[in-house]
Novice: 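Just dropping this structure here.
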Amino acid sequence: MSEIKITLPDGSVRLYARGSTSLEIAKSISEGLARNVLVAKIGSEVRDASQPINEDANLTLLTWNDGEGKSTLWHSSAHIMAEALEFYFPGVKFWVGPPVDNGFYYDVDLGGQNLSTDDFKKIEDKMLELARQNNLFQRKEIPKQEAIQYFTDKGDEYKLDLLQNLEDGNITFYTQGNFTDLCRGPHIPNTSFIKAVKLTALAGAYWKGDERNKQLTRIYGIAFPKKSELDEYLLMLEEAKKRDHRKLGKELEIFTFDDDVGPGLPLWLPNGAAIIERLEEFAKKTEAEAGYVRVRTPHIAKESMYLKSGHLPYYAESMFPPMEMDGDKYYLKAMNCPHHHKIFAATPKSYRDLPLRYAEYGMCYRYEQSGELFGLMRVRSLSMNDAHIYCTEAQFEEEFKNVNDLYLKYFKVFGIEKYVMRFSKHDPKKLGQKYIDSPELWIKTEEMVRKVLQNLNLNYIEVEDEAAFYGPKIDIQIWSAIGKEFTLATNQVDFAQAERFDLTFTNEKNQKERPLIIHRAPLSTHERFIGFLLEHYAGNLPLWLSPTQFALLPISDKYLDYSKKVLELLNFSDIRGSFDNRSEKIGKKIRDAEMKKVPYMLIVGEQEANEECVSVRKHGGEDLGKMKLDDFVSYFKEQAKIKI
RNA sequence: GCCGUUGUAGCUCAGGGGUAGAGCACUUCCUUGGUAAGGAAGAGGUCGUGAGUUCAAUUCUCAUCAACGGCUCCA
């Protein structure tokens, strides 16, 4: 009997009998480890820990602490959920049940049976009962014909559909307890690892993600190897909900929606408008320093412009339908670029004028599908932090780099660290439908962008079929408090519209040449960015952005006169705040200011009035003691500086 | 747009076939109190909208609108 060499992650090499399983190897290392092994990585392949190993291999034993361990446990949980579903809903048909970032789901066809969230409890209980049975996940390889027979007998057309795309001889089944599923695996050794489960959501999901197909029922859940971890997870969800910008926006009176105004059309309350003012002020200053000039354009334009720009052929669905006037159709603008191109075209341009950078925070209107609307993050009226850069090909790299630098600078200011940079490319199969039909230009510009990214040494991922219709782009992806993904900043190349608008400049050789265009929105839209910031800061905006920077809290009515003096001085010093002149006790006033997340509470009573002071308490409770009025103003000014 | 859930006072929510309730917020009065809720009184809603069933609907049915969770979409 021969032996195999197993190399462990620490580099040590051990000898085992050929055909040993990962579990047996784990046991030889330590019983404790063996008890926690969920799945094993052999070379680069994740496999069942109970599978025999027949040749020399690098072996990593994966537990709940490894991402792959977690997702395997969740995948196995999906199978157990399926078993429970089959118990309560006989005849249920299964599509796929994969693990996801936070748990797992299974798409099922209940065949007309009703499942509601009220049923979750009994399904969870059944799952735990099944888990406690300590059933093995048994892997079996079978011929394709046999698999087809199995699901034909069962009448499960979904699994049969899956089988069609599988190669013969590669069919694996997993069985645990009374449930057998077509599955590539791997799975955890047995069901007993699952100690806590929670079904989290019930939703419709199109079969194969295609909206023309039948809608299946998707059941989301999550599972843990310890009850306490489920409790922690639920607690974390609660915390995330507290950060939700929709909740904070209401509590802090930042924005609202109204049925009469319309869905996706936010109304900015004074606090929200104040944040926008500060944000714009900051961005305008920063962009002026970076060589941008500001332009202004109307909210509507005629059909002819959007035919020219390509919006109507490629994009009409996302625009509000037109208004007819004097025999012309007018559209609400969905983007500022065509207007800006017209400004570029308004006067003759020389190479000496380039690069030319037009900036405008113009309000745009997009007809987002009703089901897509999400607080401030996905709306139908939006103010982009927009600008268009017109440059020569030679200037492109420098300009593109400058734009990247700009948003990295912004991200530093706001402490944005968790994001993914995405290089979004076109899908050649969709030229002429989703994308402008210029294959060679796509290839050329994508190569240009890749080159810049590589020269900048940035971390990024490349994704197919995510480009703008007019060119490739860089997107910065972020996540909302409840885990939805959004594009924040964007930096796009446009090789198409210059030609469509016949934009030219005169080069050194006195020839007409087309500029390249960069579309960029480093601060996204006011709506999405402020929504994001609210969640990012959990409502505690940095001082310079805070709409209410202080709350002035007199100890009693006796000090109202002095309070007014203080208020005047602060207003004069351009420090914004509120004045709580109610006949309430100071404890109450402090509590209310804390709830409103006001950064500074200024308490004035007899002592302060006598000494021309304010007592300063920071949000959260830190007591800075008494400060002379002038001292407070200079302290505050220092604190309110934007730190770059 | 599709599937599911929800829709009662400014906010958070309870209730339920016989024309509505709590806490907070708000107003007034009392209190003038030093670092996270002082007391009392009052005002405030035809229960998202429309239709149907009924002697009677906010409560049941249907439609519609909106929000929420997903899916699809996303310049």
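In what follows, chains are A, B, ... by sequence order, proteins preceding strands, each numbered from 1.
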Novice: Tell me whether A:Lys434 forms a cation-pi arrangement with A:Phe469, defined as NZ or CZ under 6.0 Å from the six-membered ring centre and within 45 degrees of its axis.
Specialist: no
Novice: Across all strands shown, which nucleotide pairs with B:C71 by Watson-Crick or G-U wobble geometry, both distances under 3.5 Å?
Specialist: B:G1
Novice: With a 3.5 Å cut-off and heavy atoms only, can you find an N or O donor on one side and an acceptor on the other between the side chain of A:Gln215 and the base of B:C2?
Specialist: yes
Novice: With no hydrogens and no angle check, do the side chains of A:Tyr365 and A:His299 hold a donor and an acceptor under 3.5 Å apart?
Specialist: yes
Novice: Toward the 5' end of RNA chain B, which comes first, A:Gly264 or A:Asp475, by nearest nucleotide?
Specialist: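 The 5'-side residue here is A:Gly264.
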Novice: If the threshold is 4.0 Å, N to carboxylate O, is there a salt bridge linking A:Lys425 and A:Glu446?
Specialist: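 No, A:Lys425 and A:Glu446 are not salt-bridged.
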Novice: Just how far, in rounded Å, is P of B:G33 from CD1 of A:Ile586?
Specialist: 12 Å
Novice: For B:G45 versus B:A25, give the span between their C1' atoms, rounded off to a whole number of Å.
Specialist: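 16 Å, rounded to whole Å.
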Novice: Rounded to the nearest Å, what distance is computed from the NZ atom of residue A:Lys484 to the C1' atom of nucleotide B:A67?
Specialist: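 Nearest whole value for this atom pair: 13 Å.
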Novice: Looking only at side-chain atoms of A:Gln369, point me to the closest of B:G69, B:A36, B:G1.
Specialist: B:G1
Novice: Do we see a donor-acceptor contact under 3.5 Å between the side chains of A:Gln492 and A:Tyr470?
Specialist: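 Per modelled atom types, A:Gln492 and A:Tyr470 side chains form a pair under 3.5 Å.
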Novice: In terms of side-chain heavy atoms of A:Arg582, which of B:U35, B:G70, B:C26 is nearest?
Specialist: B:C26
Novice: Would you state whether a donor and an acceptor, one from the side chain of A:Glu608 and one from the base of B:G34, lie under 3.5 Å apart?
Specialist: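 Between B:G34 and A:Glu608, which were checked side chain against base, a qualifying N/O pair under 3.5 Å is present.
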Novice: Cation over ring, A:Arg380 on A:Tyr367, under 6.0 Å and within 45°?
Specialist: yes
Novice: Heavy atoms only, 4.0 Å cut-off, all strands: where does A:Tyr367 land among base, sugar-phosphate and nothing?
Specialist: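 Answer is sugar-phosphate: A:Tyr367 comes under 4.0 Å of backbone atoms only.
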Novice: For B:U35, which nucleotide in any strand shown is its Watson-Crick or wobble partner with both distances under 3.5 Å?
Specialist: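 Here B:U35 is not engaged in any pair, so there is no nucleotide opposite it.
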Novice: Does NZ or CZ of A:Lys484 come closer than 6.0 Å to the centre of the six-membered ring of A:Phe374, within 45° of the ring's axis?
Specialist: yes
Novice: From B:G1, B:G34, B:A36, pick the nucleotide closest to the side chain of A:Gln607?
Specialist: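 Out of B:G1, B:G34, B:A36, the nucleotide with an atom closest to A:Gln607's side chain is B:G34.
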Novice: Partner of B:A41 by Watson-Crick or G-U wobble geometry, both contacts under 3.5 Å, or none?
Specialist: B:U27
Novice: Can you find an N or O donor on one side and an acceptor on the other, under 3.5 Å apart, linking the side chain of A:Tyr206 with the base of B:G1?
Specialist: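 Donor-acceptor pair under 3.5 Å: yes.
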Novice: Can you check the distance between B:A63 and B:G1, where both ends of the measurement are the P atom (answer in whole Å)?
Specialist: 16 Å
Novice: Does A:Arg218 get its side chain close enough to the base of B:C3, under 3.5 Å, for a donor-acceptor pair?
Specialist: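 Donor-acceptor pair under 3.5 Å: no.
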Novice: In whole angstrom, give me the gap between the C1' atoms of B:A40 and B:U46.
Specialist: 30 Å
Novice: P atom, B:U59 versus B:G18: distance in rounded Å?
Specialist: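 Comparing P positions in B:U59 and B:G18 gives a spacing of 11 Å.
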Novice: Using a 4.0 Å heavy-atom cut-off across all strands, classify A:Phe374 as base, sugar-phosphate, or nothing.
Specialist: sugar-phosphate
Novice: Please tell me which of the listed nucleotides, B:C73, B:A66, B:G34, lies nearest to the side chain of A:Pro263?
Specialist: B:A66
Novice: Is any side-chain nitrogen or oxygen of A:Lys585 closer than 4.0 Å to OP1 or OP2 of B:C30?
Specialist: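 For B:C30, OP1/OP2 do not have a side-chain N/O of A:Lys585 under 4.0 Å.
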Novice: When we call it a touch if two heavy atoms are under 4.0 Å apart, what does A:Glu606 touch: a base, just sugar-phosphate, or nothing?
Specialist: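 Base, at least one base atom sits under 4.0 Å.
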Novice: Measure the distance from CZ on A:Arg591 to P on B:A37 and round it to the nearest whole Å.
Specialist: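 One finds 7 Å between P of B:A37 and CZ of A:Arg591, rounded.
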Novice: Heavy atoms under 4.0 Å, any strand shown: does A:Tyr470 hit a base, just sugar-phosphate, or nothing?
Specialist: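 A:Tyr470: backbone/sugar contact only, no base atoms under 4.0 Å.
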Novice: Ignoring the backbone of A:Ala205, work out which of B:A66, B:G69, B:C71 is nearest its side chain.
Specialist: B:C71
Novice: Could you work out the separation of B:A36 and B:U28 based on their P atoms and round it to a whole Å?
Specialist: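 Straight-line distance between the two P atoms is 27 Å.
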Novice: So what does A:Glu584 hit on the nucleic acid, given a heavy-atom distance under 4.0 Å: a base, only sugar-phosphate, or nothing?
Specialist: base
Novice: Heavy atoms only, 4.0 Å cut-off, all strands: where does A:Asp557 land among base, sugar-phosphate and nothing?
Specialist: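 Base contact.
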Novice: Using atom P of each nucleotide, how far apart are B:A43 and B:A37 to the nearest Å?
Specialist: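 Looking at atom P only, B:A43 and B:A37 are 29 Å apart.
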Novice: Would you mind telling me which of B:U32, B:U35, B:A36 lies closest to the side-chain atoms of A:Lys558?
Specialist: B:U32
Novice: In terms of side-chain heavy atoms of A:Glu594, which of B:A36, B:C11, B:A37 is nearest?
Specialist: B:A36
Novice: Please give the distance between the P atoms of B:G69 and B:U31 as a whole number of Å.
Specialist: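 These two P atoms come out 49 Å apart once rounded.
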Novice: Under 4.0 angstrom, heavy atoms only, what part of the nucleic acid is A:Lys589 near: base, sugar-phosphate, or nothing?
Specialist: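 The residue A:Lys589 makes no contact with any strand.
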Novice: Classify the ring geometry between A:His426 and A:Tyr435 as parallel (under 30°), tilted (30 to 60°) or perpendicular (over 60°).
Specialist: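 The arrangement is perpendicular - the two ring planes meet at more than 60°.
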Novice: What's the closest nucleotide to the side chain of A:Asp623 if the choices are B:G69, B:U35, B:A67?
Specialist: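 For A:Asp623, the side-chain atoms sit closest to B:U35.
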